[in-house]
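All values below were derived from every heavy atom in this structure, side-chain atoms included, with hydrogens, water molecules and symmetry-related copies excluded. If you read the sequence from its start, that first residue is 1, and numbering goes on from there.
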Amino acid sequence: MNHMHTFAATFFSALVWLCTMNAYAADPTSFKSRLFKNGTLVYSDDFEGELDRERWQPRTKTWQIKDGTLIGSPDYKSAEEAQKVLGRDHHLGLSPVIRLNHLPPKFVLHMRVKFEGDAFTTGRPKFDIGHHINTLIFTADSYSLKLHGGERFSGKAPDVRLNEWVDVDLEFQEGVMWIGINGKGQTIQHEQVSLKGRSELTFKTFAAAPNRIIFDSIRLWKVD
């Protein structure tokens, strides 16, 4: 009889967990966090309409919304072409760059992003948490994070591939953050965890074709 009670309790717990996960999958705007209990959804986008220019700040010219995705492509095919048009030898628009602005001081962010390219290279693809403040760099099945004061962390990230979707979970407050990549993550607690007044994420990829950045969905919650 005790075995039956144990089985029933285990089965009921599993059923509750499954129902919770199904409910979350059915409602991606529901709040889910490792660090915080409650949050208010302040931005949600599946890129079905116009680009939200208040949230997004393209730093290169060739960005478009197409088929429910936000796509960034190189502005020019080669450095020679860019230099001829721009009359300079830097900031040539060979890698698409975009910023997500107005991050709350404490936030939870879920997004789905794809970096297109032939091979991972040193320092790319990446995004900055705070512009040039904390840099997260992707490599195959892993990532590295450099904080603004020089402290470095690394972590395993299953199934990180170029040309495939990557699920990113980022939770942040001064002094601590959670980074989750494709369902696996870690809490980073350090005095150097800070936006330093730059409430934005900046995304960059390779400076050689093929090198697009594609966003599929994003959810941003403010934590009080």
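Asp224 places none of its side-chain heavy atoms less than 4.5 Å from the side chain of Lys106. Ile188 places none of its side-chain heavy atoms less than 4.5 Å from the side chain of Val176. Residues Thr187 and Leu35 are in side-chain contact: their nearest non-hydrogen atoms beyond the backbone lie under 4.5 Å apart. Annotation: side chain of Trp63 is not in contact with side chain of Ile71 (no heavy-atom distance under 4.5 Å).
Between Asp128 and Arg198, no side-chain nitrogen of the basic residue sits less than 4.0 Å from a carboxylate oxygen of the acidic one, so the salt-bridge criterion is not met.
No side-chain donor from either of His148 and Asn134 sits under 3.5 Å from a side-chain acceptor of the other. No side-chain donor from either of Thr69 and Asp216 sits under 3.5 Å from a side-chain acceptor of the other. For the 3.5 Å distance criterion, the side chains of Asn101 and Gln57 qualify, holding a donor opposite an acceptor.
Ring geometry, Phe203 versus Phe215: the interplanar angle exceeds 60°, so the pair is classed perpendicular (tilted spans 30 to 60°). Below 30°, between 30° and 60°, or above 60°: for Trp56 and Tyr43 the angle between ring planes is above 60°, a perpendicular geometry.
Of the possible polar contacts, none joining the Glu174 side chain to the Lys196 backbone as a donor-acceptor pair under 3.5 Å is found. Of the possible donor and acceptor atoms, none in the side chain of Asp45 sits under 3.5 Å from a partner among the backbone N and O of Ile218. Side-chain atoms of Gln173 do not come within 3.5 Å of backbone N or O of Pro105 as any donor-acceptor pair. In this structure, Trp221 contributes its side chain and Lys32 its backbone to no donor-acceptor pair below 3.5 Å. Side chain of Glu171 to backbone of Met177: no donor-acceptor contact under 3.5 angstrom is found. Looking at Arg124, its side chain does come within 3.5 Å of a backbone N or O of Thr205 through a donor-acceptor pair. Remark: the backbone N or O of Ala157 is not paired with any side-chain donor or acceptor of Asn182 at under 3.5 angstrom. One N or O on the side chain of His102 and one on the backbone of Glu54 form a donor-acceptor pair closer than 3.5 Å. Judged by distance alone, with hydrogens and angles left aside, the side-chain atoms of Gln186 form a donor-acceptor pair with the main-chain N or O of Ser154 at under 3.5 Å. Not a single donor-acceptor pair under 3.5 Å links the side chain of Asp167 to the backbone N or O of Arg112.
Within a 6.0 Å radius of NZ in Lys114, other residues, nucleotides and ligands contribute more than 12 heavy atoms. Crowding of Lys222 atom NZ: a count of heavy atoms from other residues, nucleotides or ligands under 6.0 Å not exceeding 12. Within a 6.0 Å sphere centred on CZ of Arg161, other residues, nucleotides and ligands contribute more than 12 heavy atoms. Counting heavy atoms of neighbouring residues, nucleotides and ligands inside a 6.0 Å radius, atom NZ of Lys184 does not exceed 12 of them.
Each of Trp178, Phe31, Phe172 was compared with Phe107 under the ring pair (Phe, Tyr, Trp, His ring centres under 6.0 Å) criterion, and only Phe172 meets it.
Residues Val108 and Ile179 do not share a hydrophobic cluster, defined by chaining ILVMFWY side chains whose heavy atoms lie under 4.5 Å apart. Clustering ILVMFWY residues whenever any of their side-chain heavy atoms sit less than 4.5 angstrom apart, transitively, puts Leu41 in the very cluster that holds Phe36. Cluster membership check: Ile98 does not share its hydrophobic cluster with Ile133, using side-chain heavy-atom separations under 4.5 Å among Ile, Leu, Val, Met, Phe, Trp and Tyr. Residues Phe138 and Leu109 share a hydrophobic cluster, clusters being chains of Ile/Leu/Val/Met/Phe/Trp/Tyr side chains in contact below 4.5 Å. In the hydrophobic clustering of this structure, Leu170 groups with Leu220; members are Ile, Leu, Val, Met, Phe, Trp, Tyr whose side-chain heavy atoms approach within less than 4.5 Å, directly or through other members.
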* **Audit row: Leu162, Glu164, side chain to side chain contact (heavy atoms under 4.5 Å, CB included) steps and yes/no** => CA-CA 5 Å; Leu162 297 177; Glu164 296 183 10; over 6 Å; no

* To do: Under the salt bridge (Lys or Arg N to Asp or Glu O under 4.0 Å) rule, what do Asp46 and Arg219 come out as? Steps first, then yes or no, please.
  => CA-CA 9 Å; Asp46 293 304; Arg219 307 286 185 264; 3.0 Å; yes

